[in-house]
Amino acid sequence: PSSAASDVYKRQLYNSAWKIWRARHAGGFARRAGALRDARERFTRRARDSHEERDTLFMETVARIFESCREDRLPASRAGRVAVAQEAGAACTEVSESRARRIPFSVEMFPPKGQLTLDAARKVVEGLRAASPDFISVTCSAGGSGNGHGGQTVAIAELIQNEAATPAVAHFTCVSATASLVATEVEALRAAGVETVLALRGDLAPGQEPADFRYAYELIPRLKAAGLCVGAAAYPEGHIDCLDPRENIRHLRAKQDAGADFFITQLFFNNDDFYRFREAAESAGVAAPISCGIMPFLGKSQIQRMVFLCGSSLPAPIIKLLAKYEDDPVALRQAGIEYACNQLVDLGRHGVNGLHVYAMNQPDIACAAAEAVAAAGLR
Ligand code: FAD
């Protein structure tokens with residue numbers, strides 16, 4: 001279809017889907033509301049999207065069902081409406097599962113501390129590689145650990161890229177990054193064959209002043225101008241310094257406008273937070289893919305630190321697990337990994353653009369996540 005005709009068509013479909021979703025009177029219908037809400041989210045996205053073959057397939061499948069049950073033609077009986085909703089839900093699930101198989105899966109590592117950084121990193125990379133990630137990202141410490149600019153990030157990215165034959169994403173922070181340091185480091189990345197970076201502000205140490213770049217959106221154009229593919233951070237629950245959700249989305253959009261090609265989120269434990277955030281981001285015109293960053297909780301002190309650093313909220317099921325396994329660290333770790341795996345599978349089934357695991361240099365976490373995602377038929 002021509003683009004204009006197709007836009008009208010999509011809008012009609014969207015309106016039908018929305019009306020049907022709102023018409024959830026019957027119990028059965030309510031149970032299917034989740035699937036229908038997904039359909040609505042997809043419609044919103046697709047309406048701005050290209051006419052790729054797989055999108056057309058999705059549109060056609062759901063359209064057939066929705067067209068046959070526009071509001072004025074909805075079955076009068078409650079049972080009839082339930083049947084329609086179930087059919088639509090099944091179609092959405094079927095298509096979302098076939099789409100989901102293509103979800104990129106990636107993992108994050110950090111430069112190991114200590115003298116033998118590169119040797120230790122090599123072991124971590126080998127372990128992570130067993131999870132067959134689509135890429136491995138490597139952090140760049142903005143703090144004083146010696147792993148910031150001029151540290152091991154570029155060398156480890158090179159190792160990932162060349163020795164492990166896996167695409168690498170090098171994190172790149174504003175903190176202490178002068179324009180000339182950016183130029184030097186970009187050259188080093190290029191020489192190493194690393195083509196993708198994650199542009200971040202980083203966190204200033206107390207008393208430290210920003211160098212040439214204050215915010216990530218200022219650094220992004222510089223990295224783009226060097227020909228790199230540039231990602232940036234996204235915060236489903238808001239950044240710790242910015243708790244106004246609308247401002248959070250405006251800053252996300254500013255990073256896209258500055259040239260960000262994709263986003264990776266801060267960790268979160270409640271997927272509904274992400275679904276709400278995705279909807280708000282899309283409504284604000286954020287079209288760059290957003291990969292979901294998931295970190296398993298492994299122990300009480302680790303989770304306390306994470307909550308303190310990131311401001312992530314802890315849903316009741318996690319609090320119960322922490323209480324249940326308070327005296328059993330092994331079982332708690334296992335419960336944390338299982339919780340993260342379930343999160344990833346649910347996200348995959350909701351058609352997210354990417355799954356990114358904060359594996360904390362522990363390959364068994366990456367492998368467990370990869371297996372769970374694969375077992376659910378999502379990759
Ligand atoms: P920005 O996007 O610059 O935002 C920083 C703060 O400023 C936010 O509160 C934002 O809302 C606000 N803001 C943005 N623009 C404006 C504006 N124009 N005016 C006023 N306020 C504004 N840290 C590291 O040190 N090393 C890493 O390797 C690293 N990797 C990370 C990977 C991921 C996926 C994520 C999510 C975070 C990572 N971090 C890392 C942490 C990150 O550096 C911190 O969260 C940091 O506080 C914010 O970085 P940012 O790039 O999101 O900043």
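Both counts, for ligands and for their atoms, begin at 1 and track the order of listing. These figures come from a predicted structure and were not determined experimentally. Atoms considered below: every heavy atom in the structure, side chains included; atoms not considered: hydrogens, waters and symmetry mates.
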Mark up the atoms of ligand 1 that fall under 4.0 Å of a heavy atom belonging to [X], in ascending order.
X    : result
I264 : 34 (C)
T173 : 24 (C), 25 (O), 26 (N)
L198 : 32 (C), 34 (C)
C242 : 9 (O), 11 (O)
T139 : 28 (O)
A233 : 35 (C), 36 (C), 52 (O)

Side chain, backbone, both or neither: which part of [X] has a heavy atom under 4.0 Å from ligand 1?
X    : answer
Y217 : side chain
R201 : both
Y358 : side chain
I240 : neither
E247 : neither

Is D119 paired with R122 through a side-chain N to carboxylate O contact shorter than 4.0 Å?
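Salt bridge flag = yes for D119 with R122.
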
Counting only N and O atoms by type, is there a donor-acceptor contact under 3.5 Å from the side chain of [X] to the main-chain atoms of [Y]?
X    : Y    : answer
N353 : S291 : no
T173 : L200 : no
N248 : C242 : no
E237 : S313 : yes

Under 3.5 Å, which donor-acceptor pairs do the side chains of residues 249-259 form with other protein atoms, sequence neighbours left out?
unit_1: H251; atom_1: ND1; unit_2: E247; atom_2: O; d: 3.4
unit_1: R253; atom_1: NE; unit_2: D257; atom_2: OD1; d: 2.9
unit_1: R253; atom_1: NE; unit_2: D257; atom_2: OD2; d: 3.4
unit_1: R253; atom_1: NH1; unit_2: A284; atom_2: O; d: 2.9
unit_1: R253; atom_1: NH2; unit_2: D257; atom_2: OD1; d: 3.4
unit_1: K255; atom_1: NZ; unit_2: A233; atom_2: O; d: 2.9
unit_1: Q256; atom_1: OE1; unit_2: A287; atom_2: N; d: 2.8
unit_1: Q256; atom_1: OE1; unit_2: A288; atom_2: N; d: 3.0
unit_1: Q256; atom_1: NE2; unit_2: G285; atom_2: O; d: 3.0

Let me have the donor-acceptor pairs involving side chains of residues 215-231, under 3.5 Å, with sequence neighbours excluded, atom names and distances please.
unit_1: E218; atom_1: OE1; unit_2: R214; atom_2: N; d: 2.6
unit_1: E218; atom_1: OE1; unit_2: Y215; atom_2: N; d: 3.4
unit_1: K224; atom_1: NZ; unit_2: D261; atom_2: OD1; d: 3.0
unit_1: K224; atom_1: NZ; unit_2: D261; atom_2: OD2; d: 2.9

Considering only heavy atoms from C-beta outward, does the side chain of F172 approach that of T153 to under 4.5 Å?
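A side-chain contact under 4.5 Å is absent here.
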
